[in-house]
Each structure stands twice: as C-alpha cells, then as structure tokens.
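Below is one structure, written out as structure tokens; comments come after it.
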Amino acid sequence: MSAWFKRVILRQKLGEATSIGAMQPVSTPVTRAVEKLKKFFERQYVGKQLYIALEDLDPQLQAAISTAAMIIERCMKGFTLEVGTSVSEDEAKVIEELKKLDKILRPYIYDIARKIIRDGDAVYLVEVKKGEGITRLTWLPIDQLTILESKDQWTRFNQTIQEPNWYVLNETGRYGKTQWFKRDQVVHFNWGKQEKIRDMYNRLTLGIYNDPPLEALSSYIIWKFSLVINDMLWREVNVPREHHMLPSAPFDPSLFSGDTYEERLKNAQKAAENYLKAYVDKLKERRVDRGYVTLDNVKIDVIEPKLQYTEPNELIEQINQAIYSSVGAPESAVSGRAKGTYASEIAVESYLLLKSEFLAERIAEKFIQLAKRHLTVKYGNKYEHLYDKISYDVQLIFFPREMARTVAILRETGLFTATELRRMFGLPPLTEEQMKELVGPTSHRHTETSKEIAATEKRRVRPDVPETPHSEGQRQVT
C-alpha cells in the first residue's frame, strides 16, 4: 500500500471528501425541543400574550405558578358571618346561603390565583339567575379583552382609559365576534396596584390593568430560552461517539482495474464509499446518536470537553431560582426537595405566607362582593342588614404542630383570649353549643401540657448536647 494512501485526511463534509474512507458523521436532525423554542423567537406577542407563551414553554415557571396558586387555594377557608353568642334565624339562613355559594366559587380559586400570578389580571363573567343567584363564572381571556370607559372609545386607539365601565371581548373582531359586558356583569381580580399600562392596542390606561411578576421576570426567561437552545445544541454534538473502523486492505488501488493509477484509485474510492454507505445505512436502523464510520487507515483525534455531558448549566439554575423568588413559591414546595433544614423551611414559610395571604385576601374581597350580589339577586334587600358582617376567612398553616406549640406558649402568657387564639388557627369563635362540647385537657401523660410546652421552649436556651465535666483523676501519660 502506497505511503500517499496512508496519509489520507478525513474531511467533515462529504462534498469535500477526496480520500478513500472519508465519510460524513452519522447525524440526526435538530431536536423538536430546539425547534419549539426557536418558534418562540419568530412570533410577535401583543400585551399579555407574552406571559401565556412563557408559561407554556418553561416547566419551572409553570410549576412555580401552579404551586403558588395551590397554596393560595389552600389559604381560602370559606365565608364567615360575624354573629353573637346565639344565631338568629336570618343569620342562620345567610350562613347556609354562604356555604352554598362557597361550593360554587371554590373550584375557581386555583384558576383565579394562577391567572393573577401569570397575567396580573383575571376577569370572569358572572352568570346569575333570578331567584337562584350566582350560578357560575365564565373566564374572559385577558389577551383578547379590552376595557373602555364608553362605547365611543371603541376601535379608537388614541384614547386614554381611566374608568373600567365596559369590558370588550374581541374588540376588532380579529378573534371572533365582538362582545360587550357592563362593569356590573363581570368580576375583575388583580393585585390592586394603580399602574399606568398600555393595552393590547397601545392605548394608555390608568389604574385599570396590573403587571404580573412575570413582567420583570420575562427578560430572564427569554434569556433562559436562548441558553437552553444553545445548551441543547452543544450537548447534542458533545455526546460520546463511536468510531467504527472497517478494514481498508480490500480497497488498495492495486487490487482494482484501470490503465493508470488515477483510474485504479478512482475505482477504489467508489468501492470504498459504497461499502461504507451500506454499513452506515444498516447502522442507522439501530442508532440515533452520532458516530464516525471510516476505514482503519483514518485517524480521528478526540478532544475531551471540559464540561461533562450530564453536568448541569449553573446559569440556567440561577435563572430558575429567580423564577421561584419572583413568583413566590420556594423551590422545596415546587420540586418537593428541601435543600435546607426543617427550621429553615419554617422560616421560608413565614415569608411565603405574606405573599400568598396577600393575594388570597385580594381574591376574598371580590368574593365578598359576589356574596352580597348573590344574596341581593336571590332575596332582594331582605338580608342587607347583615352584609357588613360577611367576611371570608384567609388562613394558611403549613406546619400545624408548630402553630399548636406557638398557641400553647401564647396561652401561658395570659395576654390573649380564646377567640384570638382560635383566630390564629383560622377558626371562628365558639358558640354556646360548642362551649358545652369543648374537649378539655386529657388526664393521661402521653402528651405535653401547655405549661410543659412553654417550659420546653425556655429550656431550649441550654445546649442540646450535655456538657460532660473533665475527669478529676490522674491522666496516664503516654
């Protein structure tokens, strides 16, 4: 075999192959995941359409929003009516109606919370029937909804909106039939912020819409999409490769016919390429990753990458942490894996409660308005004198045991009434009937009393590990 034949160089492109044994790597098309993310950058998003697209594509964002919405749903305990030591007939009737209404509204809490977190606003058509009250809520897509002061502003995009008097679905008819809803026909949930925001047609609105946490987070998530695309493309070509070396001896030009060496070399190259192609075609039937197929006289140098194929991208992980912080759902609640201790999780819960309870109270305010409307539609003004006593209980307890310990300690201080302590647990004051049925402290000693719990807290100032004094005996010298 000639020395020239042994110095064949492998080319990356088949069109540049000038030597026997040079073949293009076995490759696969770009993955669907990359194509899906690339389509995000090809589209134009108007208004709140961006937030919907971000949630659809980012699993961490979707999980964080879903978790935060479930936490808020758990905060919402139900309607309450402030009553005295005894319940009147009217109060009993209102309590019964509020319980029925709560069963109607409760299935919407998760969806309302999720849309407020994602979009900043959530608008629902309130469907009522005379004699029955509120029967259901119908969501109005915020990315197709505009809010106007009057019908004169319809399709006039140079106006400034300051009062939400009309809710218009599909204002320009682009997404379907234009529908008009009066202010008292809908319920509009949001964060309660007074902001200057332009709507989907670039009209300036004052105190109408709210920006969600995703507005400030959107640039990070878009950056993350770009990082993910590059990361997937890089890892696709950085997978472990196989080098299949086939025998080159049968393709020595001297074994082929031809009047000149160039003709024999050309015939040898053609035979080698056909042989390698047939081998690659068989290989494709069982392989999807990349590899090289050459003759055994071709050398491929492998450069080991500094980053391992399965090593996580720390920059993407940092952006995920920003998502959890912005949405208000700790990573442990989203993923189910706690990185800290039990005590640190309790501390995280304390901060989480602030954001969750705040949004839950905003939803509760609208529910109270719906309750009054429900009673008015069904009974007129019969129970109007009780409207001011209607409230909605918002309470979230992640660690009941710690809350019970806290209540026990506060009880021993003598500074709180039983009603105030029950309110910490999200419970209403005891009625006279409940006072008679109240379970007193048990006589067995299998549980701590409140005094013992308080004493235990005081003892926590001592070291957890006992201090053993040094021996006074003579030590052996070695």
Side-chain angles (χ1 to χ4, degrees), residues 36 39-57 61-62 65 69 104-105 107-129 134-215 218 222 362-363 366 369-370 373 377:
K36 187 175 182 180
K39 289 179 181 179
F40 170 83
F41 292 98
E42 296 171 358
R43 297 173 182 170
Q44 295 291 330
Y45 299 97
V46 179
K48 298 180 184 290
Q49 293 175 352
L50 174 63
Y51 313 137
I52 299 173
L54 294 177
E55 186 198 23
D56 289 342
L57 291 174
L61 177 62
Q62 188 176 86
I65 293 175
I104 296 174
L105 298 180
Y108 297 97
I109 296 177
Y110 168 81
D111 187 66
I112 294 169
R114 178 173 164 269
K115 287 181 169 61
I116 296 176
I117 296 171
R118 185 191 68 186
D119 304 328
D121 300 88
V123 181
Y124 293 79
L125 174 65
V126 182
E127 299 188 22
V128 298
K129 289 184 180 180
I134 295 176
T135 58
R136 59 176 297 181
L137 302 180
T138 301
W139 176 55
L140 302 178
I142 194 66
D143 60 321
Q144 302 174 22
L145 191 70
T146 51
I147 303 174
L148 306 177
E149 285 187 41
S150 65
K151 288 189 174 183
D152 295 337
Q153 296 175 325
W154 179 51
T155 65
R156 297 175 64 183
F157 305 134
N158 60 345
Q159 303 288 308
T160 300
I161 315 299
Q162 301 185 57
E163 288 290 335
N165 295 326
W166 288 93
Y167 289 75
V168 188
L169 188 65
N170 303 320
E171 181 177 354
T172 60
R174 178 181 179 183
Y175 302 103
K177 180 182 177 181
T178 302
Q179 300 180 63
W180 295 79
F181 304 100
K182 294 182 179 179
R183 182 176 187 171
D184 58 2
Q185 291 179 283
V186 303
V187 55
H188 186 166
F189 301 91
N190 58 24
W191 291 89
K193 299 182 290 184
Q194 297 295 312
E195 295 183 294
K196 182 170 64 175
I197 297 175
R198 292 191 176 275
D199 67 7
M200 62 188 299
Y201 298 112
N202 205 37
R203 283 179 296 220
L204 183 64
T205 67
L206 305 178
I208 306 295
Y209 300 97
N210 277 182
D211 276 336
L214 269 64
E215 175 61 29
S218 59
I222 295 172
R362 292 291 306 166
I363 297 174
K366 297 295 183 179
Q369 296 176 11
L370 291 176
R373 182 177 178 182
V377 171

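It should be emphasised that the depicted structure is a prediction, and the values quoted were computed from it without experimental measurement. Note: hydrogens, waters and symmetry copies are ignored here, and every other heavy atom, side chains too, is used. One-based numbering along the sequence shown.
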Review point. Just wondering, more than 12 heavy atoms not from W191 lying within 6.0 Å of its CH2?
Key: yes
Check your understanding: Donor-acceptor pair, T135 side chain versus E127 backbone, under 3.5 Å?
Key -> yes
Review point. Hey, what do you get for NZ (K366) to CD (Q369), rounding to the nearest 0.5 Å?
Key: 4.5 Å
Review point. Which one of D143, D119, D121 satisfies the side-chain hydrogen bond (donor to acceptor under 3.5 Å, both in side chains) criterion with K48?
Key: D121
Practice item. Write down the atom of P213, the atom of I117, and the distance for their closest heavy-atom approach. Key: CD-O, 3.4 Å
Study note, to complete from the structure: In terms of heavy-atom contacts, R118 and L214 come closest through O-CD2, 3.9 Å
Practice item. Would you give the length of the straight line joining atom CG of L50 to atom CZ of R43, rounded to the nearest 0.5 angstrom? Key: 12.5 Å
Review point. G192 and R362: which non-hydrogen atoms are nearest, and at how many Å?
Key: CA-NH2, 3.3 Å
**Study point:** Side-chain touch V377/I134, heavy atoms, less than 4.5 angstrom
**Key:** no
Check your understanding: Roughly how far, to the nearest 0.5 Å, is the CG atom of L54 from the CD atom of E215?
Key -> 10.0 Å
Exercise for review: Starting at CH2 of W154, measure out to CH2 of W166 and round the result to the nearest 0.5 Å.
Suggested key: 13.0 Å
Review point. Heavy atoms, side chains only, cut-off 4.5 Å: are H188 and I147 in contact?
Key: yes
Check your understanding: In terms of heavy-atom contacts, does NZ of K129 have more than 12 from other residues, nucleotides or ligands at under 6.0 Å?
Key -> no
Practice item. Determine whether R156 and N158 make a side-chain contact, defined as any pair of heavy atoms from C-beta on separated by less than 4.5 Å. Key: yes
Check your understanding: Is the shortest heavy-atom distance from the side chain of R373 to the side chain of V126 under 4.5 Å?
Key -> yes
Practice item. Take the angle between the ring planes of Y124 and Y108 and call it parallel below 30°, perpendicular above 60°, tilted in between. Key: perpendicular
Point to revise | Residues D199 and R203 bridged, charged N to O under 4.0 Å | key: yes
Exercise for review: Verify side chain to side chain contact (heavy atoms under 4.5 Å, CB included) between I208 and I197, making sure each step is shown before the conclusion.
Suggested key: CA-CA 8 Å; I208 306 295; I197 297 175; over 6 Å; no
Point to revise | Taking every non-hydrogen atom, the tightest pair across Q185 and L125 | key: O-CD1, 3.3 Å
Check your understanding: Can you list the steps and then say if L148 with E171 is a side chain to side chain contact (heavy atoms under 4.5 Å, CB included)?
Key -> CA-CA 10 Å; L148 306 177; E171 181 177 354; 4.2 Å; yes
Exercise for review: Determine the minimum heavy-atom distance between T178 and N170, stating which atoms define it.
Suggested key: OG1-O, 2.6 Å
Exercise for review: For R136 and I104, run side chain to side chain contact (heavy atoms under 4.5 Å, CB included): C-alpha distance rounded to whole Å, both residues' side-chain angles, the deciding distance at 0.1 Å, then the answer.
Suggested key: CA-CA 7 Å; R136 59 176 297 181; I104 296 174; 5.5 Å; no
Check your understanding: What is the distance from atom CD of Q153 to atom CD of Q159, rounded to the nearest 0.5 Å?
Key -> 5.0 Å
Review point. Would you say the side chain of I112 lies within less than 4.5 Å of the side chain of I116, judging by non-hydrogen atoms?
Key: yes
Review point. For Y201 and T155, what are the C-alpha separation, side-chain angles and deciding distance, and is it a side chain to side chain contact (heavy atoms under 4.5 Å, CB included)?
Key: CA-CA 9 Å; Y201 298 112; T155 65; over 6 Å; no
**Study point:** F157 and N202, any side-chain heavy atoms less than 4.5 Å apart
**Key:** no
Review point. Given the side-chain rings of Y45 and Y51, with only the six-membered ring counted for Trp, is the space between their centroids under 6.0 Å?
Key: no
Check your understanding: From Y209 OH over to T146 OG1, what is the distance, rounded to the nearest 0.5 angstrom?
Key -> 5.5 Å
Point to revise | Q44 to Q49 - nearest heavy-atom pair and separation | key: O-OE1, 4.3 Å
